[in-house]
Amino acid sequence: MLASYAVRVEDSRGRRYPEAPHPYRNDFQRDRDRVIHARAFRRLENKTQVFTRRYSDHFRTRLTHTMEVAQISRTIAAALQLNVDLVEALALVHDIGHPPFGHAGEHALDALMREHGNFFDHNLQALRIVEDFEVRYANFRGLNLTFEVREGIIKHSRDYSGSDHPELTEYLLDQRPPLEAQLIDLTDEIAYNTADLDDGYEAKLLTVPVIRAEVVVFDRFYRQVEAEYAGAQEKLLFNEALKRVLNRFVTDLIENTRKQVAEAGVASSNDVRKLPRRLALFSPDVEDERREAKEFLYRSLYYAKALQPEKKRAEHVICEVFTALLAHPEALPSSYQEKAREENLPRVVCDYIAGMTDHYIEALRKRLP
Ligand code: MG
């Protein structure tokens with residue numbers, strides 16, 4: 001049962017290249033499956049989320065992070081009676097445009113592109129992957145995804161202006177995305193804020209006393225579980241407290257979004273699109289808790305001294321490979337050499353690097369002139 005404000009698959013604006021319907025799967029289910037079968041999706045397994053594999057095999061990769069976002073998103077979408085198939089497709093595709101080495105890699109690539117009067121943006125990259133780089137079908141390039149999935153890729157986390165991005169005007173840039181896409185940015189936040197506390201603790205970069213002192217919501221639940229499970233190991237108390245933080249964020253997002261929807265009086269996904277603001281939101285109290293957790297992670301984990309050498313190294317590897325390929329385009333694979341005849345070389349080199357896994361760029365670096 002879908003809510004009146006959910007996106008209905010039968011109302012989809014459709015695919016670029018019309019295709020016959022499938023007897024057992026609707027169009028959003030097919031899009032979800034196309035993402036799972038894409039090469040760029042498989043590569044997420046070997047792309048860094050926060051910690052490189054050097055630390056341990058237990059940390060999140062971009063792939064397991066993506067699966068966590070999909071899991072959380074499905075729960076929220078079902079509770080709000082949104083289109084779960086569309087939400088799942090959007091969650092699975094949301095990080096497909098990320099380069100190797102996590103945010104360090106993204107910053108390095110963007111800085112290099114800016115030297116050439118250009119830039120790197122992972123949402124735009126994701127759109128180009130599903131529209132062009134994936135070559136699987138005889139009739140067209142890309143995955144031929146429905147309009148709603150392509151729109152969600154562009155609009156889930158930020159608004160792009162039509163004057164800066166005339167190439168995106170077909171995506172109704174003056175309108176909000178449907179609730180199915182609005183959710184993704186927030187479920188992404190829930191997933192990585194809780195997972196990074198977990199991985200940071202596992203890596204021994206964050207300790208329970210420090211997290212308790214700086215993240216109020218964690219401290220409140222930790223006190224609860226300490227009283228409930230007197231004498232339990234710290235690791236288990238940590239897990240129990242963190243689980244409750246995750247549950248609080250998810251429950252609040254469901255309940256507050258439901259409240260926003262009721263107050264706005266929206267009766268269709270088109271009503272949602274036409275509102276001046278987004279309706280998927282945390283309540284003010286939980287929004288403060290989320291921000292506090294996020295700021296703590298920036299301060300104490302992402303910018304932690306212990307992770308700096310790793311980050312510097314990542315930037316260095318990206319820079320070295322970018323510079324070498326610019327100087328020696330003959331070292332590019334033939335498909336990219338062909339592209340370089342139509343597009344400028346820095347963009348082609350950037351696209352090649354952005355698609356690489358951590359492993360691949362390390363290996364390539366050793367082979368380059
Ligand atoms: Mg993400």
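Just so you know, ligand 1 is whichever comes first in the structure, and atom 1 is the first atom listed for that ligand. Bear in mind the structure is a predicted one, so any value in this text is a computation, not a measurement.
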Report the name of the N/O/S atom of D95 located nearest to the Mg ion (ligand 1).
OD2
Just checking, R30 and F28: is the charged tip under 6.0 Å from the six-membered ring centre and within 45° of the axis?
no
So, for H122 and H94, is the gap between ring centers shorter than 6.0 Å?
no
D198 vs K235, salt bridge (charged side-chain N to carboxylate O under 4.0 Å, His left out): CA-CA, chis, key distance, verdict:
CA-CA 10 Å; D198 191 26; K235 172 71 190 157; 3.7 Å; yes
So does H65 have any N/O/S atom less than 2.8 Å away from the Mg ion (ligand 1)?
yes
Residues E134, R39: salt bridge by 4.0 Å N-O rule:
no
Give a rough value, rounded to 10 degrees, for the angle at the Mg ion (ligand 1) between atoms NE2 of H94 and OD1 of D188.
90°
